[in-house]
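Data block below; observations after.
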Amino acid sequence: MSGKPRLHYVNARGRMEPIRWLLAAAGVEFEEAFLETKDDLKKLQTNGDLLFQQVPMVEIDGMKMVQTRAILSYIAGKYNLYGKDLKERALIDMYVEGLADLNELITSNFFQPADKKEEHLATVMDKATTRYFPVYEKVLKGHGQDFLVGNKLSRADVQLLEIILLVEESKPDILAKFPLLQSFKAKTSNIPNIKKFLQPGSQRKLPLQEKDIPRLMQIFH
Amino acid sequence: MAGKPKLHYTCGRGKMESIRWLLAAAGVEFEEQFIETNEHLEKLRNGGSLLFQQVPLVEIDGMKMVQTRAILNYIAGKYNLYGKDLKERAWIDMYVEGTTDLMGMIMQLPLQSAEMREKNLALIIERAKTRYFPVYEKALKDHGHDYLVGNKFSWADIQLLEAILMVEECKPDILSAFPQLQAFKGRISNIPTIKKFLQPGSQRKPPADDKYIANVRKIFNI
């Protein structure tokens, strides 16, 4: 038994990707068991490995953890990426939840009807530049520090970088009006653990392709 | 200045209800400012109080907190309802996320067409009976304690009671196959702060009716 966390999910970003990012940023090596067929999921379900019959599931420290937020909170707490006290935690949570909302908006684009996709994407990009990114730009401007909370790397920074890169995949110039987010992106990408994760061959997953959707849907439905 | 937390939301359950439950269970008195019009919401937005232009907003300990989970996490942590260590926290988080998913499904119902509502109601009942309630039934049976985690009252217990009552509003006999949950419901409902919150006249909100939903649509432009 390796003692490394073991991630159970499909070979795609989905709801597991923020967990991969956080473990990588914390410098924690992890293994992955990919669900390739519906039977793979059924097997986990009948074995009683999935508390609510769902993935993500992460085997970590003797627990079979489920529920993305629970898993992220545990990892952040364990590896000191969750602030130093309740108030820092509160700020981190607010920032992280905002990013999670933006992430949902982006990933929901795949499930829009074909004739609505372009319009939906435009709305999402608009929200990114008017509702979300200005918040983080302002936070960084307000204290002038490298990290969002408490002058120290936290899960909020890791997730902000993840989302910036995700949005850039749809609109490469999305940070044009956000100079502090641009330098945040550069600095945070250069943190050794994160730099390593951003290299080809890491466990970071590729963007979802249209052709993958039927296969993935078949596993879950 | 009162020093009491101040909640900004519509006069209905929505995403604020779990926050009301948690504060009430912790014995924390709170004030509420109800948003009745789109103008009121826009005023909050333009005033810069809403970090992401959204409610719930809770003014607490000098912060203008938004994002339901952030608010709930903070209250649970502050009032010692979040377990004694990381692992107990992990279990509480898992249990809470499960009930959040279940209650989230119920929350959507009033906004759906009659046809979708009927279909989803059946799905909710099925999920409650086969996916969610068995988990909590088993947890209580396995350790035989009064509370879900660490033999101590926590956020997980409060949210489970909230979820049970919400599902019972959909199907009154939903707990017929869950004796542990029936006993749990009885016990937790009798905790003095919770008993008080369950009485008429408390700040607990009723289920959404058509009039409320029509107003919500106007306020939020949906």
Side-chain angles (χ1 to χ4, degrees), chain A residues 15 45 48 50-54 56-58 60-83 85-102 105 126-128 130-136 138-139 142 149 155-156, chain B residues 15 45 48 50-54 56-58 60-83 85-102 126-128 130-136 138-139 142 148-149 155-156:
Chain A
R15 293 188 182 282
Q45 288 167 334
L50 307 178
L51 191 66
F52 300 112
Q53 312 310 321
Q54 298 164 315
M57 189 269 276
V58 174
I60 185 168
D61 297 339
M63 297 181 287
K64 288 184 160 74
M65 284 200 74
V66 297
Q67 292 289 350
T68 312
R69 281 180 173 86
I71 297 164
L72 288 167
S73 290
Y74 181 75
I75 296 165
K78 181 176 176 181
Y79 295 100
N80 293 311
L81 292 166
Y82 220 156
D85 57 29
L86 263 191
K87 280 209 168 175
E88 283 195 354
R89 229 197 123 113
L91 283 175
I92 290 168
D93 277 341
M94 283 192 273
Y95 298 154
V96 150
E97 287 295 311
L99 293 167
D101 283 352
L102 180 54
L105 282 172
D126 184 64
K127 284 237 162 88
T130 59
R131 178 173 284 195
Y132 294 103
F133 286 165
V135 170
Y136 304 99
K138 187 174 178 212
V139 169
V149 179
R155 62 179 289 203
Chain B
K15 289 188 184 283
R45 284 175 167 157
L50 307 178
L51 191 65
F52 301 111
Q53 313 310 322
Q54 297 164 318
L57 164 68
V58 174
I60 184 168
D61 296 340
M63 298 182 286
K64 285 182 158 68
M65 285 201 75
V66 297
Q67 293 289 350
T68 313
R69 277 183 180 82
I71 297 164
L72 289 166
N73 286 353
Y74 181 75
I75 296 166
K78 180 176 178 184
Y79 294 100
N80 294 310
L81 294 165
Y82 221 156
D85 57 28
L86 262 191
K87 278 207 170 177
E88 285 196 353
R89 229 197 122 112
W91 280 105
I92 291 169
D93 277 340
M94 283 191 270
Y95 290 147
V96 155
E97 288 295 309
T99 46
T100 299
D101 282 350
L102 179 56
E126 199 223 317
R127 287 267 161 89
T130 62
R131 178 177 286 192
Y132 294 105
F133 287 167
V135 169
Y136 304 98
K138 180 172 191 281
D142 284 353
L148 283 169
V149 179
W155 177 21

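Just so it is clear: chains get the letters A, B, ... in the order the sequence lines come, proteins before strands, and each one is counted from 1.
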Ignoring hydrogens, what is the shortest heavy-atom contact between [X] and [Y]? Give both atom names and the distance.
X        : Y        : answer
Met65(A) : Met94(B) : CA-SD, 3.7 Å
Tyr74(A) : Ala90(B) : CD1-CB, 3.9 Å
Ala90(A) : Ala70(B) : O-CB, 4.3 Å

Please classify the contact of [X] with chain A as side chain, backbone, both or neither, using a heavy-atom distance under 4.5 Å.
X         : result
Val135(B) : side chain
Arg131(B) : both
Asp61(B)  : both

- Message: With a 6.0 Å cut-off (strictly less than), is the heavy-atom count around NZ of Lys64(B), excluding the residue itself, greater than 12?
- Response: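 No.
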- Task: Answer yes or no: are there more than 12 heavy-atom neighbours, outside Arg15(A) itself, under 6.0 Å from its atom CZ?
- Result: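 12 or below, so no.
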- Step-by-step side chain to side chain contact (heavy atoms under 4.5 Å, CB included) determination, Arg69(A) to Thr100(B): CA-CA 12 Å; Arg69(A) 281 180 173 86; Thr100(B) 299; over 6 Å; no
- Message: At a 4.5 Å cut-off on heavy atoms, which part of Arg131(A) comes close to chain B: side chain, backbone, both, or neither?
- Response: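 Both parts, backbone and side chain.
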- Message: Let's go through Lys78(B) and Leu86(A) carefully: what are the C-alpha distance in whole Å and the side-chain angles of both, what is the deciding distance for side chain to side chain contact (heavy atoms under 4.5 Å, CB included) to 0.1 Å, and is it a yes or a no?
- Response: CA-CA 7 Å; Lys78(B) 180 176 178 184; Leu86(A) 263 191; 3.8 Å; yes
Mind checking the [atom1]-[atom2] spacing from [X] to [Y]? Nearest 0.5 Å is all I need.
X         : Y        : atom1 : atom2 : answer
Tyr136(B) : Leu51(A) : OH    : CG    : 7.0 Å
Ile92(A)  : Asn73(B) : CD1   : CG    : 11.5 Å
Thr130(B) : Phe52(A) : OG1   : CZ    : 12.0 Å

- Test Gln67(B) against Asp101(A) for side chain to side chain contact (heavy atoms under 4.5 Å, CB included), laying out the working first. CA-CA 10 Å; Gln67(B) 293 289 350; Asp101(A) 283 352; 3.1 Å; yes
- For chain B, find which of Lys138(A), Met94(A), Gln54(A), Lys127(A) contributes the most heavy-atom pairs closer than 4.5 angstrom.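 Max contact count across the listed options: Met94(A).
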